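Worth knowing before you read on, the calculation uses all heavy atoms, side chains too, and leaves out hydrogens, waters and symmetry mates. We're numbering straight along the sequence, starting at 1. Since the structure is predicted, the reported quantities are computational estimates derived from the model, not experimental observations.
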Amino acid sequence: MLQTTRVQDHSVDAKQRAQALKWITHFLGDIQQPLHDEAIAIGGNQINVTWNGTIVNLHHIWDTEMPTKLAGTFNSENVKAWTKKIVKELEFGQFRRHKWDWASCTDIDAGAACPLVWAREANSFVCSYVLKTDPTGKEASGAYYDGAAPIIEMQIAKAPPNRIDGRLLRDLIQAQSRAVAEMETNNGFILDQLHRVNRRQADSMKDYRGRLDDIDLRLRRIENM
């Protein structure tokens, strides 16, 4: 609740409010991963499987390997392409009839109620798929991945902004804009101060070099006497 409170508190500076909103979106993304809502084997971290022959833990492949195989290597081009695909599915495809249900509990005044609903949703996949059969020591990049891929895509489709209260979205835009403006102002001030310091240093160096030249000239005169 701390981050949600901070983001609505206009007495907190824009940069800190923007940071709080980043944490909220991070948590809302994390809560969709089934093993983030599970205590067995520390969320699957103590269950070893193999991925293309390499031993890794189950939590890790749900976090990284399987989403990467589904969406492609993590880079801006693939992220944009996959985001467009998810948005298309939400607007016109398989998730169209679900999106309003997914966004039905987004009230920031409901305390922990909505996050608990989302966590239970994600956790239900632990029994229905993630640990339905013991994956320990098994290769997960084949049939196991094939069954997990639709779950991963659906859970990511549920994530922000579908589950962010409209007021938070408004505050996110405002806080980010103010933070950028503050950074531009602060950076402008810092750059101006640096330029002034550099000019003073340059003037000092000119004066220093002038004095050295004068001393050198006087020494030469002494040598020629």
*Separation of Q155 CD from F125 CZ (nearest 0.5 Å)*: 4.5 Å
*Please answer: with hydrophobic residues joined when any side-chain heavy atoms are less than 4.5 Å apart, are V56 and I42 in the same cluster?*
no
_Where V49 and A140 come nearest, the two heavy atoms and their spacing_ = CG2-CB, 4.4 Å
*CG of L116 to CD1 of I31: how many Å apart, nearest 0.5 Å?*
7.5 Å
*Kindly compute the distance separating CD1 (I152) from OH (Y145), expressed to the nearest 0.5 Å.*
7.0 Å
*Spatial distance of atom NZ (K85) from atom CG (L90) [nearest 0.5 Å]*: 10.5 Å
*Under 4.5 Å between any side-chain heavy atoms of D37 and W118, yes or no?*
no
_Shortest non-hydrogen contact from F92 toward R96_ = CA-CD, 4.2 Å
*Side-chain (E139) to main-chain (G53) donor-acceptor, under 3.5 angstrom*: yes
*What pair of heavy atoms forms the shortest contact from S124 to E121, and how long is it?*
OG-O, 2.5 Å
*Using the ring pair (Phe, Tyr, Trp, His ring centres under 6.0 Å) rule, pick out the option among W102, W100, F95 that qualifies with H98.*
W102
*W62, I40: one ILVMFWY side-chain cluster at the under-4.5 Å cut-off?*
yes
_Donor-acceptor pair, side chain of N78 and main chain of T73, under 3.5 angstrom_ = yes
*Is there side-chain contact between L58 and V130, with heavy atoms separated by less than 4.5 Å?*
yes
*Rounded to the nearest 0.5 Å, what's the gap from CG on N52 to NZ on K69? Could you check?*
6.5 Å
*Check the angle between the aromatic planes of H36 and H59 and answer parallel, tilted or perpendicular using the 30° and 60° thresholds.*
tilted
*asked:* Donor-acceptor pair, distance only, cut-off 3.5 Å: does the side chain of Q32 make one with the backbone of I156?
replied: no
*For T68 and T64, which heavy atoms make the closest approach, and how far apart are they?*
OG1-O, 2.7 Å
*asked:* For P34 versus A122, what's the shortest heavy-atom pair and its separation?
replied: CB-O, 3.4 Å
*asked:* Testing the basics here: between W51 and S141, what is the closest heavy-atom pair and its distance to 0.1 Å?
replied: CZ3-CA, 3.3 Å
*With no hydrogens and no angle check, do the side chains of T136 and D134 hold a donor and an acceptor under 3.5 Å apart?*
yes
_Using side-chain heavy atoms (C-beta onward) and a distance below 4.5 Å, is Y144 in contact with K138?_
no
_Just verifying a value: how many Å separate E38 CD and Q33 CD, rounded to the nearest 0.5 Å?_
11.0 Å
